[in-house]
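Structure first, commentary second.
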2 protein chains.
Amino acid sequence: MPKIVDHEARRMRLVEAVWSLAVRGGLEQVSLRKVAEEAGVSMGQVQHYYSSMQALIRDALDRAVQAVNATIENAVTAAGTTSPEVVLRAGLYALISPAEESTRLMRFALTAVGRAVSDPTTAKVLAPGDDELLTLTAGLIAAAREERGSVPRGEERTDADICWSLATSLGLDIALGYRTPEAAERVLDHHIEQVLR
Amino acid sequence: MPKIVDHEARRMRLVEAVWSLAVRGGLEQVSLRKVAEEAGVSMGQVQHYYSSMQALIRDALDRAVQAVNATIENAVTAAGTTSPEVVLRAGLYALISPAEESTRLMRFALTAVGRAVSDPTTAKVLAPGDDELLTLTAGLIAAAREERGSVPRGEERTDADICWSLATSLGLDIALGYRTPEAAERVLDHHIEQVLR
DNA sequence: GGTTTTACAATGCGATCGCATGGCAAAAGT
DNA sequence: ACTTTTGCCATGCGATCGCATTGTAAAACC
């Protein structure tokens, strides 16, 4: 067998290049040559690791979405077994984090959203939280309400749905420069306060 | 002077072609030749009315945003001077309307969102509701609360902000096929109910 | 130590792109 | 009638695109 290289590292390097190029000038600025140059490798290497441009971009998107999900899970895990309200806030805040890498991933996701309009595969990758996340969040909301002594009012699933929609929307606003993370946090805080009231 | 033609009609025809092409295959599928073919005219005509591809797409985006705003204003105007809650609902519902043209415009806007990441001009066009809209909406919320006899709690501006964020988010979900208009309406109804409670 | 397999690198091809250019028909002004 | 202006068409150019092809150096296997 030939040279032993770290395939994962190679791919990650190329995906990073795609992220940078796309954030800098949109997905349309991502080409085999540009990616190769940005990553400091030859065009041949890009072709060696990805059978097509589509495959490269798809992998870049997959990894971006997975990275965002990972930050949410990490935030929730870090919150540990404190009060449900703290866990709830931790998860939602992950989407409006001022961390530069977080914003970068959101920005890249935004450059790919356009494709979701005509490409069902892309749409599936970018789809909002699944049932499992919604169920978990609904449980957190119910528990947090109980903890606060609020009147339970059912419909926690819809409340959870709205929370994630709002947090995502705020995160995208941050990525587009429409809001600062601080302003977004104030809005999100206010909403959580209303929900748990 | 030469042939008299309806410039506005010509431009609108080209913009329509851009919308169709972009919704069908993303903004990257929009080219001078394709637009000309889609509109059933020559490439020269496209060049005659738009000095560059950028100008054409910018006009298409401007008109799309203006069209969406128009549907909101029309909905509000149509609601007339009934109760503030009805007016509020009318405006918000406009963003999740099941009307085909409405979804089409949202879809096109989505194909352009990616550009906003790296193009401040596009970002400005796609920016969320301005202060005026927010102030107006906040007034409607306050009035609707009073009408219902709810306790006033200030912060109506933030409530208005959240309402528009949620409605927009739901509208985009519909455009991407993540939700049906009916499901989105249920979510929005629930939120309005919570806000006015 | 030769063979094979892997990991690239370099180059070329056909298609498509935005845009510039030049020409031409029609109609308003003189 | 003739000039001028406008609306539009057709064509060509240089750049860039994704991808196929071919070549090559290195390392595991026999």
Side-chain angles (χ1 to χ4, degrees), chain A residues 1-62 111-112 114-115 118-119 121-122, chain B residues 1-62 111-112 114-115 118-119 121-122:
Chain A
M1 298 286 218
K3 237 189 311 194
I4 294 178
V5 297
D6 188 339
H7 291 204
E8 176 60 21
R10 290 274 197 275
R11 282 185 219 268
M12 199 58 216
R13 193 177 167 79
L14 297 177
V15 164
E16 275 280 349
V18 170
W19 289 351
S20 295
L21 285 170
V23 166
R24 199 179 308 147
L27 255 199
E28 63 193 0
Q29 287 301 318
V30 178
S31 71
L32 288 182
R33 292 159 231 269
K34 299 253 192 75
V35 169
E37 190 189 2
E38 179 78 17
V41 302
S42 76
M43 223 181 89
Q45 184 172 140
V46 183
Q47 284 187 282
H48 183 70
Y49 285 97
Y50 293 98
S51 60
S52 72
M53 196 64 222
Q54 208 188 70
L56 170 56
I57 290 183
R58 174 136 56 199
D59 193 39
L61 183 57
D62 282 342
T111 69
R115 304 219 157 180
S118 54
D119 175 18
T121 307
T122 302
Chain B
M1 295 289 215
K3 236 187 314 192
I4 293 177
V5 297
D6 188 341
H7 292 203
E8 176 60 20
R10 291 274 197 275
R11 281 184 219 269
M12 199 58 217
R13 192 179 167 83
L14 297 177
V15 165
E16 275 280 350
V18 170
W19 289 350
S20 295
L21 285 170
V23 166
R24 198 180 308 146
L27 255 199
E28 64 194 0
Q29 287 301 318
V30 178
S31 71
L32 289 182
R33 292 160 230 270
K34 299 255 192 75
V35 170
E37 191 188 3
E38 180 78 15
V41 302
S42 77
M43 223 181 89
Q45 183 170 140
V46 183
Q47 284 186 280
H48 183 71
Y49 285 97
Y50 293 98
S51 59
S52 71
M53 195 65 222
Q54 209 187 70
L56 170 55
I57 290 183
R58 175 137 53 199
D59 193 39
L61 183 57
D62 282 341
T111 69
R115 304 220 157 178
S118 54
D119 175 18
T121 307
T122 303

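Numbers restart at 1 for each chain; the letters A, B, ... are given by sequence-line order, proteins then strands.
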Discussion item. Test: salt bridge (Lys or Arg N to Asp or Glu O under 4.0 Å). Region: residues 9-18 of chain B. Which pairs qualify, not counting sequence neighbours?
Written reply: B/Glu16-B/Arg104
Discussion item. As a test of reading the structure: which of D/dC9, D/dG7, C/dC8 is closest to the side chain of B/Gln45, going by heavy atoms?
Written reply: D/dC9
Practice prompt. Please state how far atom CG in B/Asp6 lies from atom C1' in D/dG7, giving the value in whole angstrom units.
Written response: 14 Å
Discussion item. Can you list, in residue-number order, the parts of residues 9-25 of chain A that come under 4.0 Å of DNA chain C, counting heavy atoms only?
Written reply: A/Arg10
Discussion item. Under the rule for side-chain hydrogen bond (donor to acceptor under 3.5 Å, both in side chains), what residues qualify as partners of A/Arg33, not counting sequence neighbours?
Written reply: none
Item to complete: Could you tell me which residues satisfy side-chain hydrogen bond (donor to acceptor under 3.5 Å, both in side chains) with A/Gln29, sequence neighbours excluded, listed by chain and number?
Response: A/Lys34
Practice prompt. Applying side-chain contact (heavy atoms from CB on, under 4.5 Å), name anything that partners B/Ala22, two or more places apart in sequence or on another chain.
Written response: B/Leu27, B/Val30, B/Phe108, B/Thr111
Worksheet entry | Set of residues satisfying ring pair (Phe, Tyr, Trp, His ring centres under 6.0 Å) with respect to B/Tyr49, sequence neighbours excluded | B/His7
Item to complete: Using the salt bridge (Lys or Arg N to Asp or Glu O under 4.0 Å) rule, collect all pairs that involve residues 36-58 of chain B, keeping only residues at least two apart or in two chains.
Response: B/Arg24-B/Glu38
Worksheet entry | Residue pair A/Asp59 / A/Val18, side-chain heavy-atom distance below 4.5 Å | no
Worksheet item: For D/dG7, does OP1 or OP2 lie under 4.0 Å from any side-chain N or O of B/His7?
Response: yes
Fill in: N/O (side chain, A/His48) to phosphate O (OP1/OP2, C/dC8) under 4.0 Å
no
Discussion item. Classify A/Tyr50 by what it touches in the nucleic acid, base, sugar-phosphate, or nothing, heavy-atom distance under 4.0 Å.
Written reply: nothing
Report each atom pair, protein N/O against N/O of nucleotides 11-17 of chain D, whose distance is under 3.5 angstrom.
{"from": "D/dC17", "atom 1": "OP1", "to": "A/Ser31", "atom 2": "OG", "distance (Å)": "3.2"}

Worksheet, complete the sentence: By side-chain hydrogen bond (donor to acceptor under 3.5 Å, both in side chains), A/Gln47 pairs with (sequence neighbours left out) none
